[in-house]
There are 2 protein chains.
Amino acid sequence: MVHTITEHEVLTAVLRVGDLDSGRPRLHVLLWQRAREPQLGRWSLPGGLLRGNEDITASARRQLAEKVDLREIAHLEQLAVFSAPDRVPDVRTIASTFLGLVPSPADPELPSDTHWHPVDDLPPMAFDHETMVAHAHSRLVAKMSYTNIGFALAPTEFILSTLRDIYSVVLGHQVDATNLQRVLVRRGVITRTGTTARSGRSGGRPAARYRFTESQLRVTDEFAALRPPGWVGLES
Amino acid sequence: MVHTITEHEVLTAVLRVGDLDSGRPRLHVLLWQRAREPQLGRWSLPGGLLRGNEDITASARRQLAEKVDLREIAHLEQLAVFSAPDRVPDVRTIASTFLGLVPSPADPELPSDTHWHPVDDLPPMAFDHETMVAHAHSRLVAKMSYTNIGFALAPTEFILSTLRDIYSVVLGHQVDATNLQRVLVRRGVITRTGTTARSGRSGGRPAARYRFTESQLRVTDEFAALRPPGWVGLES
DNA sequence: GCAAAAGTGTTGACAATACACCCATGG
DNA sequence: CCATGGGTGTATTGTCAACACTTTTGC
């Protein structure tokens, strides 16, 4: 059996809700334009080769800090491994992928070759990176409904219509702010701060401000069916 | 920067419900006893190094077929990557892990160094493999409640009390056969075959036989909260 | 008949959507 | 005072656990 060299790379799909106050918010992914062959000019996920003294999570963090100068990742989790033998030409490269989330108003300085792109309108992507973005998006959509993962996308303090926009954009359909509030408050996911925001340009009642109770991923909607006998929700 | 060699291994936690008819069913994982140092005598998950011409899924399948002579995996899915630099001594080794499921009555021939072990009473395990088993188990538990993943653990035809035992063992708590039936039938996960089993040793009404409608993983209990407006469930 | 096991009917708790209605502010 | 957006109350629907009750068999 021939023993070929195998590289291991770590790639992260960093997602963010952009254009929040400017009318039409969109879900963005951070991409980086290749400056050399192969696939020159195509866009790829930030990342790079794993080093000998780091695990893949540390590697993902390091690459984001070094390559795109991004240090404020609110949430980072493993996605999947992409390992088709020919997914990258020449040298066999296995990719571990991550989902990273950045809160919305934060608009970090980025190097000139990296940009935010709408997830539903991607530019020509390098290798199998488009599949990875799709994977990241669907993971995020799934977790929006049964965890508190929204904390990683929202500002530290926000009003409910903002949160509604965030959820709507991520989920891809209209979300009712009224019910969103009730669901998240009952689950203890969000808490009122007590302060209120000034009303908008055209009047209207001032909105109460909220924040996420916790900034650590937690499952908030445990299995509905087949739960243990005598189950009482939430406890606490 | 020093460029050290990195190996990539693929490990699978194969789970099965054992001792089904003998009173006290248990969830088992397939383990393999190490015959050489390091960690001689400890038990490890089946697997081995990735080859140059296969992706990790193919590798997992191959290793199970070769090393433990197991070819009938009803379900196989990626778990997580374990990549701590020192998780294995000497040569840096990254592990991609899988969850594999085998239906219950099947009791394949196994090599003499491999055995089924109860998941809740593991022998001394090699390296970080114990964590991997825990990971596999919790993934399985989660998916039991919102997918049809049970198809991969149950016989092709079964009666409800058998299925209740399978669910109870995996979930770790008593499950009511009555409600289990209703939940799974409403979701279209299981179907009556029409035939009935003969009643047991001590009389009783003969049980209807069922089978899983599909033998491909499918999400059957879509998000309860934050579903799209006008959602009607199931359709068809 | 009688015990045992399987399966059905019913009830109560709870969660979530939908929608009508009230509240507070700016112009 | 009215338009605009925020927030609450409530009806309806649906899901599930719990449990009583009926059905069907072996002995």
Side-chain angles (χ1 to χ4, degrees), chain A residues 21 23 144-146 157-165 167-168 171 173-210 220-235, chain B residues 21 144-146 158-165 167-168 171 173-210 220-235:
Chain A
D21 3 61
M144 288 298 275
S145 63
Y146 69 92
E157 287 201 7
F158 50 85
I159 61 175
L160 254 158
S161 54
T162 303
L163 194 64
R164 186 228 311 130
D165 290 343
Y167 273 76
S168 296
L171 294 176
H173 62 79
Q174 290 294 104
V175 173
D176 182 48
T178 298
N179 294 326
L180 182 65
Q181 190 257 16
R182 265 197 284 243
V183 169
L184 296 185
V185 166
R186 175 152 37 74
R187 290 181 183 172
V189 172
I190 59 176
T191 322
R192 302 183 78 126
T193 61
T195 63
T196 61
R198 280 208 316 289
S199 37
R201 39 217 159 284
S202 53
R205 174 173 172 177
R209 266 204 278 262
Y210 291 81
T220 58
D221 190 29
E222 213 82 44
F223 33 74
L226 308 179
R227 50 177 173 259
W231 169 265
V232 282
L234 285 188
E235 209 67 19
Chain B
D21 5 60
M144 288 298 275
S145 63
Y146 68 92
F158 51 86
I159 61 175
L160 254 159
S161 55
T162 304
L163 194 63
R164 187 229 312 131
D165 290 342
Y167 272 76
S168 297
L171 294 176
H173 61 79
Q174 290 294 102
V175 173
D176 182 49
T178 298
N179 293 326
L180 183 64
Q181 189 257 16
R182 268 197 284 240
V183 169
L184 297 185
V185 165
R186 173 152 37 77
R187 290 181 181 172
V189 172
I190 59 175
T191 320
R192 302 181 78 125
T193 62
T195 64
T196 62
R198 279 205 319 286
S199 37
R201 41 220 157 285
S202 54
R205 175 173 172 177
R209 265 203 279 262
Y210 291 81
T220 58
D221 190 28
E222 212 81 42
F223 32 75
L226 308 180
R227 50 176 172 260
W231 171 265
V232 284
L234 283 190
E235 212 64 20

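Scanning for side chain to side chain contact (heavy atoms under 4.5 Å, CB included) contacts around A:S145 gives B:F223, with sequence neighbours left out. Residues satisfying the side chain to side chain contact (heavy atoms under 4.5 Å, CB included) criterion with B:V189, sequence neighbours excluded, are B:N148, B:L184, B:R187, B:F212, B:T220. Residues meeting the side chain to side chain contact (heavy atoms under 4.5 Å, CB included) test with B:T178, sequence neighbours left out: B:D176, B:R182. Scored by the side chain to side chain contact (heavy atoms under 4.5 Å, CB included) test, A:A207 finds A:I159 as partners (sequence neighbours excluded).
Taking every side-chain heavy atom of A:A225 into account, D:dC16 is the closest of D:dC16, C:dA6, C:dA24. For B:L160, the listed nucleotide lying nearest its side chain is C:dG7; candidates were D:dG6, C:dA6, C:dG7.
A:R209 pairs in a side-chain hydrogen bond (donor to acceptor under 3.5 Å, both in side chains) with only one of the listed residues (A:T193, A:T195, A:T196), which is A:T195.
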Any protein N or O atoms within reach of nucleotides 11-13 of chain D? Criterion: under 3.5 Å, listing atom names and distances.
none

Identify each atom pair where a protein N or O and an N or O of nucleotides 18-21 of chain C are less than 3.5 Å apart, giving names and distance.
from	atom 1	to	atom 2	distance (Å)
C:dA18	OP1	B:G230	N	2.8
C:dA18	N7	A:N179	OD1	3.4
C:dA18	N7	A:N179	ND2	3.1
C:dA18	N6	A:R182	NH2	2.8

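A:R205 contributes no side-chain N or O that forms a donor-acceptor pair with the base of C:dT25 under 3.5 Å.
Counting non-hydrogen atoms under 4.0 angstrom, A:A208 reaches the backbone sugars and phosphates but no base. Within the 4.0 angstrom heavy-atom criterion, only backbone atoms of the sugar-phosphate kind lie near A:R192; the bases stay farther away.
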